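Here the structure is laid out as structure tokens; the discussion comes afterwards.
The analysis underlying the following values was restricted to heavy atoms, covering all of them including side chains, and did not include hydrogens, waters or symmetry mates. No experiment lies behind these values; they were computed from the predicted model shown. Letters go in sequence order (proteins before strands), and every chain restarts at 1.
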There are 2 protein chains.
Amino acid sequence: MASVSNRVARGYDRRMSPAPIPDLFPSLATLSADSRALLEASVTRIACAGGTPLVARGDLVTGAYLVERGALRVYYVSAEGREGTLYWVEPGQSCILALNCMFSRLAYPAWVESEGATEVTIVPGDVYRRLFASEPAVQSFTFDVLSGRLFELMALIEETASQGLEARVAAFLLRRAKGGAAVAVTQDQIARHLATSREVVSRVLRGLVARRLIATTQGRITIVDPPALRGLAE
Amino acid sequence: MASVSNRVARGYDRRMSPAPIPDLFPSLATLSADSRALLEASVTRIACAGGTPLVARGDLVTGAYLVERGALRVYYVSAEGREGTLYWVEPGQSCILALNCMFSRLAYPAWVESEGATEVTIVPGDVYRRLFASEPAVQSFTFDVLSGRLFELMALIEETASQGLEARVAAFLLRRAKGGAAVAVTQDQIARHLATSREVVSRVLRGLVARRLIATTQGRITIVDPPALRGLAE
DNA sequence: AACGGGGTGTGACTTTGGTTCCAGCCTCGG
DNA sequence: CCGAGGCTGGAACCAAAGTCACACCCCGTT
């Protein structure tokens with residue numbers, strides 16, 4: 001805890017190997033002894049607090065990011081400066097665009113920041129490439145991650161194109177609540193996730209409060225009527 | 001030619017193997033003899049005219065689609081019935097969502113139709129899976145296709161979110177023209193690609209005509225001032 | 001030559017969401 | 001206890017784009 005915030009003082013901390021391979025990635029447990037040793041010897045680990053910028057658009061990313069704790073938020077920034085979240089990389093997942101850039105040596109097309117206290121293990125590009133070539137587990141892991149993202153992005157496109165802001169806010173709240181009733185989030189954060197402005201979010205929330213679907217306090221939204229909210233989100 | 005339109009009379013034609021493996025896919029040329037034989041013996045080929053519906057949302061897709069001629073248009077349909085194109089699969093490319101569904105046995109999340117007279121080779125799911133496991137060429141081909149689509153979709157999201165309709169129409173025309181000056185497309189088709197309505201497209205085009213960037217006739221748009229149009233599209 | 005159907009042009013209106021601006025409100029630190 | 005700064009509420013206004021309702025035009029067919 002204390003060490004995390006210390007690291008944050010200088011952005012983030014790159015602790016060199018040896019670093020343990022996270023248990024979160026079961027497919028890595030099936031690697032051959034050689035591969036495992038190679039992996040153990042080459043990974044780097046990063047720990048950082050929420051809101052730390054990790055990748056900017058155009059950066060040349062050279063490794064695969066495996067998230068252990070916290071989350072990575074992958075987002076774009078429009079010409080007018082509005083942000084929109086493309087997706088989150090949660091514990092046990094990998095940042096796929098990083099993989100992508102790594103293989104094709106392309107510049108990263110989006111921004112990435114940490115959300116909450118986050119720990120990430122980084123596998124260097126050449127190591128990952130070797131593992132991908134020889135280890136079926138890595139191949140299928142890579143495939144799964146990539147195709148999962150594709151589905152998410154397709155769903156996002158459809159959602160933004162065909163649903164009004166109210167439905168999108170409702171969906172966002174439900175996703176964030178994960179079954180619970182309270183969501184700790186500010187209006188400004190919602191606006192940044194949905195690529196709109198804080199005032200508009202305020203207006204939408206006002207409407208939901210008036211209809212007794214939610215209740216709001218500072219930095220926290222409580223879902224009062226989950227079924228109705230789900231109905232809105234379709 | 002004649003045979004194509006004959007086939008179209010009953011939708012499309014499934015010609016069973018033996019079918020040659022298309023030259024368009026160089027990576028397939030590097031397969032082992034065994035793999036190549038397996039592939040040759042199992043592929044199916046489809047030929048159809050433009051506008052033939054090939055996959056509907058929710059279909060269970062069981063093969064990898066390799067496009068040889070024409071194109072596949074992958075699109076979504078919003079609740080209000082508006083269509084929007086997600087991407088095109090051109091000759092030498094593969095329909096990646098099909099791959100995806102094939103591996104994970106998920107239902108296909110979008111619609112697919114042919115655009116122009118089209119020929120597609122279909123590799124059955126289990127065959128592709130075996131090839132993916134053993135052939136490095138297939139692994140990297142799959143990876144490339146998937147990650148290419150990811151980049152395209154990210155670009156699409158950013159474009160729709162941050163650019164006005166005029167810029168998007170301009171970009172669409174330029175993409176379609178491919179360097180040439182004339183684009184054979186109706187306003188209605190443009191509207192369907194960009195998930196908007198015909199009237200709005202008409203309005204936008206009117207503006208472009210007034211500024212002498214393009215000229216329009218029935219079913220055909222001529223780009224008069226390419227640099228200015230590129231400027232609009234950013 | 002008349003007809004019919006797809007493609008197009010256009011105005012008027014509505015809706016949604018973005019912008020501006022400001023006032024009030026929590027809450028943490030001094 | 002007070003002030004600063006982040007958070008919220010809300011009015012007024014504006015702009016972009018979707019909708020509705022037509023009239024027209026081009027072109028191949030009858």
Side-chain angles (χ1 to χ4, degrees), chain A residues 5 50-51 77-84 159-173 182-222 232-234, chain B residues 50-51 77-84 159-173 176 182-222 232-234:
Chain A
S5 37
V77 181
S78 75
E80 307 89 55
R82 270 206 304 271
E83 298 182 6
E159 187 184 311
T160 50
S162 66
Q163 264 158 3
L165 205 53
E166 188 173 71
R168 291 172 58 210
V169 169
F172 175 81
L173 291 176
V183 189
V185 70
T186 69
Q187 299 183 348
D188 197 74
Q189 288 172 319
I190 299 178
R192 283 211 301 277
H193 286 303
L194 303 182
T196 180
S197 68
R198 210 265 315 155
E199 290 87 336
V200 175
V201 171
S202 177
R203 181 158 68 216
V204 169
L205 291 178
R206 203 188 313 160
L208 297 179
V209 170
R211 281 178 281 158
R212 323 250 166 214
L213 303 191
I214 61 171
T216 62
T217 61
Q218 285 263 93
R220 163 167 253 85
I221 294 173
T222 310
L232 266 188
E234 229 113 336
Chain B
V77 181
S78 76
E80 307 89 56
R82 271 206 304 270
E83 297 182 8
E159 187 184 310
T160 50
S162 66
Q163 265 161 1
L165 204 55
E166 188 174 71
R168 292 172 56 210
V169 170
F172 174 81
L173 291 176
R176 267 303 176 89
V183 189
V185 70
T186 69
Q187 299 184 350
D188 197 74
Q189 287 172 321
I190 299 177
R192 282 211 302 277
H193 285 303
L194 303 181
T196 182
S197 68
R198 209 266 314 156
E199 291 90 329
V200 177
V201 170
S202 176
R203 182 151 76 214
V204 169
L205 291 179
R206 202 191 313 165
L208 297 179
V209 171
R211 279 179 282 158
R212 324 249 165 216
L213 302 191
I214 61 172
T216 63
T217 61
Q218 286 262 90
R220 163 168 253 84
I221 294 173
T222 311
L232 265 190
E234 229 111 338

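Heavy-atom distances to DNA chain D give each of G219(A) and G164(B) a nearest nucleotide, and the one nearer the 5′ end belongs to G219(A).
Looking only at side-chain heavy atoms (C-beta outward), Q189(B) and R176(B) stay at 4.5 Å or farther from each other. Looking at L194(A) and V201(A), their side chains never come closer than 4.5 Å, going by heavy atoms from C-beta outward.
The minimum heavy-atom distance linking V204(B) with E166(B) is given by the pair CG1-CA, 3.8 Å. Taking every heavy atom of both residues into account, Q163(A) and R168(A) meet most closely at O-CD, 3.7 Å. Annotation for A182(B) and R220(B): closest pair CB-NE, 3.7 Å, computed over non-hydrogen atoms. Residues Q187(B) and S202(B) come closest through the heavy atom pair OE1-CB, 3.4 Å. Nearest heavy-atom pair, A161(A) versus R82(B), reported as atom, atom and distance to 0.1 Å: O-NH2, 4.3 Å. Taking both residues in full, the closest heavy atoms of S197(A) and A191(A) are given as C-CB, 3.6 Å, listed atom of the first, atom of the second, then distance.
The footprint of chain A on DNA chain C, defined by a heavy-atom cutoff below 4.0 Å, extends from dG17(C) to dC26(C).
dG18(D) atom P lies 16 Å from atom CZ of R192(B), rounded to whole Å. dA17(D) atom P lies 9 Å from atom CD of E166(B), rounded to whole Å. In this structure, CZ of R168(B) is placed 11 Å from C1' of dA17(D), rounded to the nearest angstrom.
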Nucleotides 19-30 of chain D: protein proximity per nucleotide (B base, S sugar-phosphate only, - neither; heavy atom, under 4.0 Å): BBB----S----
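For residues 208-216 of chain B, proximity to DNA chain C is found at T216(B), defined as any non-hydrogen atom under 4.0 angstrom from a strand atom.
If you run side chain to side chain contact (heavy atoms under 4.5 Å, CB included) between I221(B) and each of V169(B), V209(B), I190(B), T186(B), only I190(B) comes through.
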Using the rule given for side-chain contact (heavy atoms from CB on, under 4.5 Å), can you reason through T216(A) versus L208(A), listing the C-alpha separation, both sets of side-chain angles and the distance that settles it, and then say yes or no? CA-CA 10 Å; T216(A) 62; L208(A) 297 179; over 6 Å; no
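Atoms CG and CD, on D188(B) and E83(B) in that order, are 9.0 Å from each other to the nearest 0.5 Å.
Nucleic acid contact class of T186(B) (heavy atoms, under 4.0 Å, all strands): sugar-phosphate only.
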